[in-house]
Protein chains: 2
Amino acid sequence: MDGLDRKILTELQLDGRLTITELASRVQLSVSPCHRRLRDLESSGAIRRYRAVVNAAAVGLNFEAIVFATLRWEHRDTVATFETAVEAIPQVVQAQRLFGEPDYLLRVVAQDLAAYQRLYDEQLAKLPGVQRISSTLVMKHLIEDRPLPH
Amino acid sequence: MDGLDRKILTELQLDGRLTITELASRVQLSVSPCHRRLRDLESSGAIRRYRAVVNAAAVGLNFEAIVFATLRWEHRDTVATFETAVEAIPQVVQAQRLFGEPDYLLRVVAQDLAAYQRLYDEQLAKLPGVQRISSTLVMKHLIEDRPLPH
DNA sequence: GCTGAAAGACGGACGTC
DNA sequence: GACGTCCGTCTTTCAGC
């Protein structure tokens, strides 16, 4: 992992569909070594995958919320049960477990406020092991999917 | 935007480097119409971009934190000043403005705890217009970059 | 949906530093 | 060991019809 590899990663974070030819010219390398490096980055797991970034509004998802959840500590498997239940909700597009309060942060999308209310009442509020759950609406995205810094 | 378009978007969220040939066979379409649809999805902005998902640890970023920030309401441009300052920090890889408390949620990466401490003291704690800022460490990612639901 | 031309991908070989 | 340049061939792209 040297400067060239990092440069390749940066370019591919900006445009994941770059051709090897174009990528090679951007990082000032010829095609074959660039191709070799890319293959190594992919097989070593440095590049986890490629993804199209889809405009949520284009698929009718105009509503986004952040959910804060804190668990009760009942059993050893409170965590596992909760996490399984979260993973089963497709509207949860991002979820992380934190140290401290809250225990979990979820990013949830829905079609509109009504759909979110249904989702909240029927699924989020019923998640197992939860002591306290609250949610707030996302007003705006400042930064989304920015390339990792050096 | 019909079922086929949605299917195309789903497949490309799972693998952004699918070739048209492969994509066409997955959505049960022949190559040309699939290609036309893809071009339309790209030019209409439904597909915002393509991006390589890079393993942060592979580039030496082993630390991740969530920052909660609430602003003081001094002037009309408190918000703009704060947002500009946030955007200038490359370690902030995701940022959203919320309704309610906190006003902002930032996702921050760093090489290690020491680097994060420096970043916090020298930059995050000095962000303009902030009334209260606090941060917590990310223990684990449950869900990351999941395809948008239907 | 099909065709055809241009571009790109990808493996190998080989010489250089 | 890594880069660069040649060489193949196969696949993909994308504008015609």
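Residue numbering restarts at 1 for every chain, and letters A, B, ... go by the order of the sequence lines.
Of the possible donor and acceptor atoms, none in the side chain of A:R107 sits under 3.5 Å from a partner among the backbone N and O of A:E64. Of the possible polar contacts, one joining the B:R49 side chain to the A:Q13 backbone as a donor-acceptor pair under 3.5 Å is found. Here the side chain of B:R17 pairs a donor or acceptor atom with the backbone of A:L18 at under 3.5 angstrom.
No continuous path of hydrophobic side-chain contacts links B:V109 to A:L105 [ILVMFWY only; heavy atoms under 4.5 Å]. Note on A:L124 and A:L113: same hydrophobic cluster, where clusters join Ile, Leu, Val, Met, Phe, Trp and Tyr whose side-chain heavy atoms are under 4.5 Å apart, directly or indirectly.
Among the candidates A:R39, A:R37, A:R36, the single residue satisfying the salt bridge (Lys or Arg N to Asp or Glu O under 4.0 Å) test with A:D5 is A:R37.
Ion pair B:K7/B:E11 not flagged as a salt bridge, since none of the NZ, NE, NH1 or NH2 atoms sits closer than 4.0 Å to an Asp/Glu carboxylate oxygen.
Along DNA chain D, read 5' to 3', the first and last nucleotides having any atom under 4.0 Å from a heavy atom of chain A are D:dA2 to D:dT5.
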Under 4.0 Å protein heavy-atom contacts per nucleotide of nucleotides 2-10 of chain C, with B for base, S for backbone only and - for none = B-----SSS
